[in-house]
Amino acid sequence: MANNNGILKILKNRELLVMAFLLIIFFSITSNRFLSPSNISNVLMNISVSGILALGLALVMINGDFDLSFGSALGLLNLFILMFVDKGWNVWVMFALAIVGGILWGMLNAILVVQIKIHAFVATIATWTMCRGFIYWINGGKTFYGKYPDFMTIIGRGTVFGYIPISSIIFIGAAIIVFLLANRSKFGRYIYAVGSNADAAEYVGINSKRIRFTSYLLQGLLIGLSTVILSSKLTSGPATAGDGFQMTVIASAFLGATVFKPGLVNIGGSILGILLLSIIENGLIMLGVPFYFKYIVQGLIIIGAVSFISLKNKRSEGPAIL
Amino acid sequence: MATKEIIMSTTKLNKSFGVTHAVINLDITIEKGDIMGLVGENGAGKSTLIKILGGEYYLDSGQITYQNKIISWNSSAEALKKGIAIVHQHPLLVFSLNAAENIFLGKEFTQGIFLDEKKSIEESKKLVKQYPIYPELDLEKPVIEMSAGEKEVVEILKALSYNPKILILDEPTASLPKDEAESLLKLLVDLNRKKEMTMIYISHKLEETFEICNKITVMRNGENIGMLTNEHFDKNKLVKMMINQDISEFYPEKSSQIGKVLLEANHINSKVLKDVSIHVHEGEIVGLYGLIGAGMTELVESIYGLQPFQSGEIIFNQKKILHPHVDMMVHHGIYLIPADRHQYGLFPSFSVSENITIAHLFSLFPEFLLTRYKENQVATKEAEQMNLKYADINQSIKELSGGNQQKVIVARWLLKECNVLIVDDPTVGIDIGAKRDIYRILRELNSHHKGIIFISSEINEIIGMADRIYTMRRGIITAELPKDEINQENILKNIL
Ligand SMILES: Nc1ncnc2c1ncn2[C@@H]1O[C@H](COP(=O)(O)OP(=O)(O)O)[C@@H](O)[C@H]1O
Ligand SMILES: [Mg+2]
């Protein structure tokens, strides 16, 4: 009995871990390619890009804000890197500039949402659409192919010790830093405080506008970082680049809000969420399920997760995240 | 009044939990049609008493007479069947079920092996018709979607479904917003008038008991201290019975060591305030009193840097504060505890510990990373000093009672050196024990030469607590009353 309780306690609020584990077992049994080294490293590389985006989105959502524009920002910055590399600019300089570009993108959203006080949904739908428009304008709706030095792919496709993708190391590094920042630093406590009660935050001397602004900047930095991995991996600039990540990343935030701190978006949950969603996505492909099922599954997951959160918050009469 | 029929009485009831004597030699008498109030400080034994009456606890010794028979319940189910129903302090509803299912929980209607949901809805409709306390209630709505008030109604309907002769309610309005509490009181009075339902009503909101009860029994430390009938209801007398002290002793002694001026606000003009000047000394509680909207909150929020003002200056320790801003004020050890703790004070998704440390994170943790261990240690120490009642420093702040939540907000500031504490109506809606703790803490600050600006919406409280009072009316200071001029008449004269 005591033993039983112990296990239950450990599992409490960690339902996603169990699910991820069960799914991995399920896919390994049903598909013999699922656990192959090449597939694993493929999944890991995908997770690097979407995972870093998920970290950024979570930071913004903890505050009670939102962003819908990161997918197209990713596409635009990707194009920006490749076009200048094609013109002969230094790859590393372009990578650094892409990160600066990401921060500027975050600043644009922050000015609209925090300073001008446009609702985050409305503001970022607008920047999303505009950004996608720019991409089509620049390369006429076609995929951009340009010259690039071979070493450019080292970040996106390179591995160490044969199997460990460099991009995964970058993601894990980013995940650890953002996790510590959110859960163990004063800044992190403040973003949770602003998300919990922005009025009360002002009364204890927290400048909630500054906190929200900074979160958008950090998210921008992470968008830039994930673009670096993406363009190093793709080395081409499709007009739709970044679109595919949008829903997965948003779903991961909601799914993540069902664990660890139920009812609240949190970093650990988002990381688990993106892992789980990527495994499902890949597993479905391995099973030979048509690609569009991915969208149905994602939709269902968002509905399920948000229903859970909304019921949870109603019960405890806490703040709703949407 | 003709003598009424005695429906229940007790003689020399006793109940102990280990060394705690929760109920001692208790005699009470309830007549048919009574709404008897039961009041007393937290821990006085009220809940224990009614649980004995409702068969949930065995009594250690004593006698209960009910409908002229001496009874001893074997179980709460038996008491329930014989007509004694309790609406508990903490509702015992199943959130995932709807109202009707909750009402008939444990006595479901079945058809063969299946639940008969139609029947349970029908029966609850009948029940609502029989006791029209809240006819608008949607019986098919899951409890999880209900407001606190609706949940309380379901809990009451559930009790009524047993056709009780005595309905016992344990702090039913404690977690209700004001409007829902008021309509619940109306429902209870209605129920009493139309159905002659006898009730025992526990509450720490004395005004409520005055409103609906025809007599009030006071308990203190497990004993029955006495009973007042409605013609003798008197708040001061009742409080005295509850705390065994005169109401004048209810407030701690006033300050005897007032020092130099700590903080002054001079000639403040803003949208609301017109040429307002106040100051507070070391070791002093200075009161601000006026009608709602007279500008007290605006004044302290202007001082605290939360509201802009067009002209005027804030001077702390002889030095002018150039751009008053919350950060700056907190840096100087000037803190404000806002009036509405839910809207402006609490972080509902935070634990008790996190709510305590939030204001002083930077001085508590000069290093980059927070450590939970150290954080909990500091928070626990502060919580003990506040006499906080909590189960676990990591539990959610939402689980604490109003009084304890307020203590957490006070504790938050006292973690670090405080010079001036501004409190805006700090005791609204909290129980007497917590009130006294807060008064005591404020006076302790005084004895360490701290200054306090105290806003209250209760005239007795401001008279009891303040060493000096500024009265306000429509944004101006109308009078400054030194200690020997503080009385009701002088205050009222200047605020109306
Ligand atoms: N089940 C119990 N076990 C141990 N002590 C209890 C229990 N219930 C109540 N007490 C103690 O008995 C005293 C009276 O408590 P209670 O009847 O709940 O008071 P009230 O309802 O007036 O606040 C308190 O000191 C409380 O700690
Ligand atoms: Mg009680």
Side-chain angles (χ1 to χ4, degrees), chain A residues 9 12-13 61-64 176-211 257 260-269 307-322, chain B residues 95-96 142-148 151 175 177 301 304-307 325-331 334-351 354-355 357-372 375 396-399 409 412-413 422 424:
Chain A
K9 211 168 167 187
K12 190 168 174 255
N13 297 340
M61 285 181 72
I62 294 170
N63 274 319
I176 292 173
I177 291 170
V178 173
F179 184 85
L180 288 177
L181 188 72
N183 294 345
R184 295 281 306 281
S185 80
K186 282 153 278 193
F187 174 76
R189 186 61 62 77
Y190 285 179
I191 57 179
Y192 278 108
V194 170
S196 185
N197 186 347
D199 285 333
E202 295 288 340
Y203 278 82
V204 295
I206 299 171
N207 186 337
S208 62
K209 274 189 171 180
R210 191 185 303 160
I211 299 288
F260 298 135
K261 300 179 188 226
L264 299 175
V265 173
N266 64 87
I267 302 295
S307 310
F308 172 90
I309 297 162
S310 132
L311 289 177
K312 173 91 199 164
N313 284 337
K314 222 171 244 164
R315 186 166 354 184
S316 55
E317 283 162 42
I321 54 173
L322 273 185
Chain B
F95 282 139
S96 53
V143 166
I144 194 167
E145 289 170 15
M146 293 185 167
S147 71
K151 281 181 204 151
S175 56
E301 294 198 343
Y304 193 52
L306 273 171
Q307 291 200 20
H325 185 270
V326 180
D327 268 353
M328 177 80 68
M329 291 303 173
V330 171
H331 173 77
I334 301 165
Y335 309 134
L336 181 136
I337 294 172
D340 185 332
R341 65 176 168 272
H342 289 287
Q343 197 173 351
Y344 302 117
L346 297 171
F347 295 95
S349 65
F350 278 15
S351 67
E354 288 164 337
N355 265 290
T357 57
I358 185 72
H360 289 311
L361 278 183
F362 273 87
S363 44
L364 283 177
F365 297 98
E367 64 274 20
F368 185 74
L369 290 185
L370 312 173
T371 40
R372 169 110 9 211
E375 184 177 12
S396 164
I397 188 75
K398 283 180 291 190
E399 293 165 11
I409 294 177
R412 164 188 297 173
W413 292 115
I422 306 170
D424 192 349

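Note that the coordinates shown come from a computational prediction; the quantities given were computed from them, not determined experimentally. In what follows, every heavy atom counts, from backbone to side chain, and hydrogens, waters and symmetry copies are set aside. Sequence lines set the chain letters: A, B, ... in the order given, protein chains first and strands last, and positions in each chain run from 1.
- Residue with the most contacts toward chain A among Arg412(B), Glu375(B), His325(B): Glu375(B) (heavy-atom pairs, distance under 4.5 Å).
- Listed here is the closest heavy atom pair of Asn197(A) and His342(B): ND2-O, 3.4 Å.
- Relative ring orientation between Tyr335(B) and His360(B) is described as perpendicular, the plane-to-plane angle rising above 60° on a 0-90° scale split at 30° and 60°.
- Contacts between Leu346(B) and chain A at a heavy-atom distance below 4.5 Å involve the backbone alone (N, CA, C, O).
- Atom OH of Tyr344(B) is surrounded by 12 or fewer heavy atoms from other residues, nucleotides or ligands within 6.0 Å.
- With a 4.5 Å cut-off on non-hydrogen atoms, Ala201(A) touches chain B through its backbone and its side chain both.
- A pairwise comparison of heavy atoms in Leu264(A) and Ser349(B) identifies CD1-CB, 3.7 Å as the closest pair.
- Interface residue Thr371(B): backbone and side-chain heavy atoms are both found under 4.5 Å from chain A.
- With no hydrogens or angles considered, no side-chain donor-acceptor pair links Gln343(B) and Tyr203(A) at under 3.5 Å.
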May I have the list of side-chain donor-acceptor pairs in residues 180-187 of chain A shorter than 3.5 Å, sequence neighbours left out?
from: Arg184(A); atom 1: NE; to: Leu370(B); atom 2: O; distance (Å): 2.5
from: Arg184(A); atom 1: NH2; to: Leu370(B); atom 2: O; distance (Å): 2.9
from: Ser185(A); atom 1: OG; to: Leu181(A); atom 2: O; distance (Å): 2.4
from: Ser185(A); atom 1: OG; to: Phe187(A); atom 2: N; distance (Å): 3.4
from: Ser185(A); atom 1: OG; to: Gly188(A); atom 2: N; distance (Å): 3.0
from: Lys186(A); atom 1: NZ; to: Phe365(B); atom 2: O; distance (Å): 2.4
from: Lys186(A); atom 1: NZ; to: Glu367(B); atom 2: O; distance (Å): 2.8

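- Proximity to chain A (any heavy atom under 4.5 Å) is restricted, for Leu306(B), to the side chain, taken from C-beta onward.
- Between chain A and the options Val330(B), Ile358(B), Ile409(B), heavy-atom pairs under 4.5 Å are most frequent for Ile358(B).
- At a 4.5 Å heavy-atom cutoff, the contact between Tyr304(B) and chain A is made by side-chain atoms alone.
- No part of Arg341(B) comes within reach of chain A, as not one of its non-hydrogen atoms sits under 4.5 angstrom from that chain.
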